[in-house]
Amino acid sequence: MYFIGVDLAWGVRRPTGLAVLDEEGRLVHVSAARTDDEIVAALEPYVDSDCLVAIDAPLIVTNPTGNRPAEAALNRDFARFDAGAHPTNTSKPEFSEQPRGARIAARLGLDMNPRSGRRRRAIEVYPHPATVALFRLGRTLKYKHKSGREIDQLRAELLVLLGLLEGLQTSEPPLLLDDPAWLALRTAAENAVRKSELRAVEDQVDAVLCAYIGLFATRAPERTTTYGDFATGYIVTPTLPDDLRPTPRGQRGQAGATVHDPGTAVREYAAIQPTLQEAADQYVQLVTSILDEAGINYLTVTSRAKSVASFAAKAARTVDGRPVYPDPLRDITDQIGLRVITYVHSDVQAVAELLDDQVVVHDDRDMGEETASEGRFGYASRHLLVSLDPAREGQAAYELLRGRQAQIQIRTVLQHAWAEFEHDIRYKGTIPSEHVPDFDRRFTLAAGLLELADREFSTIRDRLRQGVTGASTEAVDDDPRISARELAAFLAGQYADAGWSRTDHYGWISGVILELGITSLTELGDALRSVDEDTLMARMDYRYPPGAVRRLDDALLWVYGDAYVGLRANAHRVPALRARLAKMHDAD
């Protein structure tokens, strides 16, 4: 099924924006057209089968003067947000006969009844109230050309809208704007120097918004309102949240402070959200390098910058009429979020201790302990609020992280599976009230079983550490490297007290060993005989439990010294290796 947006111009002198989303919410087409023939030709490939065409223009107009009933009803809700509709009636030439939107819908053979269940339909939509409702804006974005609005303001507001729409990728339903044409629109908006250039972008962006309104109305009918009816005209839009209030005009609070205004914060957040995503990527690089350097085993490290829509919802929260976040841009601390997934529970503690040693930890909450202290099974995750340590503050590689905090969730893979499934069921699904107690009991039972499974996995790993003593040295192919499997088994015996390392790290260290000219476990064992493990351990003074690959890495650095630092495979980490080598030689 296709969801099609049409930002319809009143006539053929100005362009009409066209956009098409597939049934997953992915943008597959965006363009502009002028004549009815051009519009129909562009849309025909997408309206042959199931489709919903959302048109920003009146489709049904029967009243001779004033507002349509739909406009009057919508204005009662949205006019105070500057999102009211202009009067539409048959006294205006463009509506005296068949409105242009209805004419195009008829040429495409679309049913215009909003209550129709037919496969090919058209509906009337209106972007302004949709942005207020979707993004919890205190007032509409001022990206439309009007007298007195300068191009810098228009460009800034349009870029905010682009950011808001891009933030819908994590919403329900999602909007996926990974088409190159969207990037071209953003680039054109950023580089526009004339209002006409902005208008060319604006029409197509509005068309994308119209298409999303159609998708939203189909996927979330319980959060959609239809003002008016088929007989007198109607407008379909996402429902205005009950607790949303318009931004005060020029009001000031005590001591000159601006009255709490989530809408203003949302605008500012939308402007910085792309930079926050870049910062989130930098945080992943930092945390990954810290974990890899320590040799701690983990499954994944991922990040996200909070979506604009999610930020808007959080910024608007109140308790007893008071805002939960009076200064949203400062008070909402999970704007950058990371997630570290480990294999077993003991690694969660190891990761937390390592990060505490390497970055500044402002807050540390063990959600599992909090749940257990209440005598319950349930959500378990370690939450750290971190920022850069002073040593990294001045480094160019971390420029985007200066002054920016990140929330890091650390979970085992089983804890993560439970949390994700529980979130999908409770927050994205609908549980009938009569079934809630049974679902609660089943989620609690599942949480208890997963906690038991986590313990058993830890026991299995501990037993394997004790039981594995070596591996066959027989070559299985022509690759001169020691295989990762054989190396893992060898290191489990060599460093019985060490934790497992990441699977890919065994393959990586095998390549480093080959560069040293070592091609068998026997040769490797001979090279390691000269290592004084007790002295090495004492000098390294590990503050965290290093994995087996890290232990081997340090042992090879001990044996080969500068020659090891100079290997091609180590070119990316020379400073770190030299710092370690100096630590090994401190007592010499």
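This one's a predicted model, so the numbers in the text were calculated from it and none came from an experiment.
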Discussion item. Any heavy-atom pair between the side chains of Arg550 and Glu293 that's under 4.5 Å?
Written reply: yes

Discussion item. Side chains of Gln349 and Glu353: any donor to acceptor distance under 3.5 Å?
Written reply: yes

Item to complete: First locate atom CG of Asp562, then atom CG of Leu567, and finally report the distance between them rounded to the nearest 0.5 Å.
Response: 11.0 Å

Worksheet entry | Closest heavy-atom pair and its distance - Pro246, Arg139 | CB-NH2, 4.4 Å

Worksheet entry | Note, Met584 side chain near Leu557 side chain (heavy atom, < 4.5 Å) | yes

Discussion item. Closer than 3.5 angstrom, by distance alone: can the side chain of Asp356 be matched with the main-chain N or O of Ala352 as a donor-acceptor pair?
Written reply: no

Discussion item. Could you go through Arg186 and Glu190, starting from their C-alpha distance and side-chain angles, then the distance that decides it, and tell me whether this counts as side chain to side chain contact (heavy atoms under 4.5 Å, CB included)?
Written reply: CA-CA 6 Å; Arg186 171 173 276 283; Glu190 292 170 342; 3.3 Å; yes

Discussion item. Let's go through Leu291 and Asn297 carefully: what are the C-alpha distance in whole Å and the side-chain angles of both, what is the deciding distance for side chain to side chain contact (heavy atoms under 4.5 Å, CB included) to 0.1 Å, and is it a yes or a no?
Written reply: CA-CA 8 Å; Leu291 297 181; Asn297 195 15; over 6 Å; no

Item to complete: Go through the steps to decide whether Thr131 and Leu164 satisfy the test side chain to side chain contact (heavy atoms under 4.5 Å, CB included), and finish with yes or no.
Response: CA-CA 9 Å; Thr131 59; Leu164 290 168; 5.8 Å; no

Fill in: Lys583 side chain to Met540 backbone, donor-acceptor under 3.5 Å
yes

Worksheet item: Heavy-atom distance under 4.5 Å between the side chains of Arg365 and Arg382, does that happen here?
Response: no

Fill in: Distance-minimising heavy-atom pair for Leu276 and Ala305
C-CB, 3.8 Å

Worksheet item: Between Ile341 and Thr412, is any pair of side-chain heavy atoms under 4.5 Å apart?
Response: no

Worksheet, complete the sentence: One should read off an interatomic distance between Ile410 CD1 and Asp366 CG, to the nearest 0.5 angstrom, of 9.5 Å

Worksheet item: Salt bridge or not for Lys314 and Asp334, using N-O below 4.0 Å?
Response: yes

Item to complete: State plainly whether the residues Asp532 and Arg539 are in salt-bridge range, i.e. N to O under 4.0 Å.
Response: no

Practice prompt. Apply the test side chain to side chain contact (heavy atoms under 4.5 Å, CB included) to residues Leu209 and Leu134: give CA-CA distance (whole Å), side-chain angles for both, the deciding distance (0.1 Å), then the verdict.
Written response: CA-CA 11 Å; Leu209 178 54; Leu134 287 171; 4.3 Å; yes

Discussion item. For the backbone of Leu329 and the side chain of Gln335, can you confirm whether one donor and one acceptor N or O come within less than 3.5 Å of each other?
Written reply: yes

Fill in: Polar contact flag, side-chain donor to acceptor under 3.5 angstrom, Tyr542-Asp554
yes

Practice prompt. Mark yes or no for whether Gln409, through its side chain, and Arg339, through its backbone, hold a donor-acceptor pair below 3.5 Å.
Written response: no

Worksheet item: Can a cation-pi geometry be assigned to Arg502 and Tyr298, taking NZ or CZ under 6.0 Å from the six-membered ring centre and within 45° of the ring axis?
Response: yes

Discussion item. Is it the case that the side chain of Ser510 and the backbone of Ile482 share a donor-acceptor pair, with hydrogens and angles ignored and the cut-off at 3.5 Å?
Written reply: yes

Worksheet item: So, Glu515 side chain and Arg568 main chain: donor-acceptor pair closer than 3.5 Å or not?
Response: yes

Practice prompt. Kindly write out the residues that satisfy side-chain hydrogen bond (donor to acceptor under 3.5 Å, both in side chains) with Arg573, not counting sequence neighbours, or none if the list is empty.
Written response: Asp553, Asn570

Discussion item. Please find the pair of heavy atoms, one from Arg136 and one from Asp243, that lie closest to each other, and give the distance.
Written reply: NH2-OD1, 2.8 Å

Worksheet item: How many angstroms lie between atom CG of Leu528 and atom CG of Leu556, to the nearest 0.5 angstrom?
Response: 6.0 Å

Fill in: Inter-residue atom distance Leu355.CG - Asp389.CG, 0.5 Å rounding
11.0 Å

Worksheet item: Got Pro328 and Tyr269 here, is their nearest side-chain heavy-atom distance under 4.5 Å?
Response: no

Fill in: Glu486 side, atom CD; Tyr506 side, atom OH - distance, nearest 0.5 Å
14.0 Å

Less than 3.5 Å apart, which donor and acceptor atoms pair up between the side chains of residues 400-407 and the rest of the protein, not counting sequence neighbours?
unit_1	atom_1	unit_2	atom_2	d
Arg402	NE	Glu393	O	2.6
Arg402	NH2	Gln395	O	3.3
Arg404	NH1	Leu400	O	2.9

Response to the item:
Nearest heavy-atom approach of Ser387 to Val359 is O-CB, 3.4 Å

Worksheet entry | Given Leu175, Leu177, Leu176, the one that forms side-chain contact (heavy atoms from CB on, under 4.5 Å) with Arg26 | Leu176

Worksheet item: What pair of heavy atoms forms the shortest contact from Phe216 to Pro173, and how long is it?
Response: CD1-CD, 3.9 Å

Fill in: Residue pair Val301 / Tyr283, side-chain heavy-atom distance below 4.5 Å
no

Worksheet item: Do side-chain atoms of Ser171 reach the backbone of Pro174 as a donor and acceptor pair under 3.5 angstrom?
Response: no

Worksheet item: Taking all non-hydrogen atoms of both residues, which atom of Tyr564 and which atom of Ile509 are closest, and how far apart?
Response: OH-CD1, 3.8 Å

Response to the item:
The reported gap from CD in Gln277 to CD1 in Ile336 (rounded to nearest 0.5 angstrom) is 9.0 Å

Fill in: Pairwise side-chain contact, Leu286 with Leu388, heavy-atom cut-off 4.5 Å (strictly under)
yes

Practice prompt. Using a strict 4.0 Å threshold on nitrogen-to-oxygen distance, state whether Glu172 and Arg219 make a salt bridge.
Written response: no

Discussion item. Strictly distance-based, threshold 3.5 Å: is any side-chain N or O of Ser303 a donor or acceptor partner for the main-chain N or O of Leu338?
Written reply: no

Worksheet item: Can you check whether Val284 reaches Thr302 side chain to side chain, under 4.5 Å on heavy atoms?
Response: no

Worksheet item: Are the side chain of Thr224 and the backbone N or O of Pro238 linked by a donor-acceptor pair below 3.5 Å?
Response: no

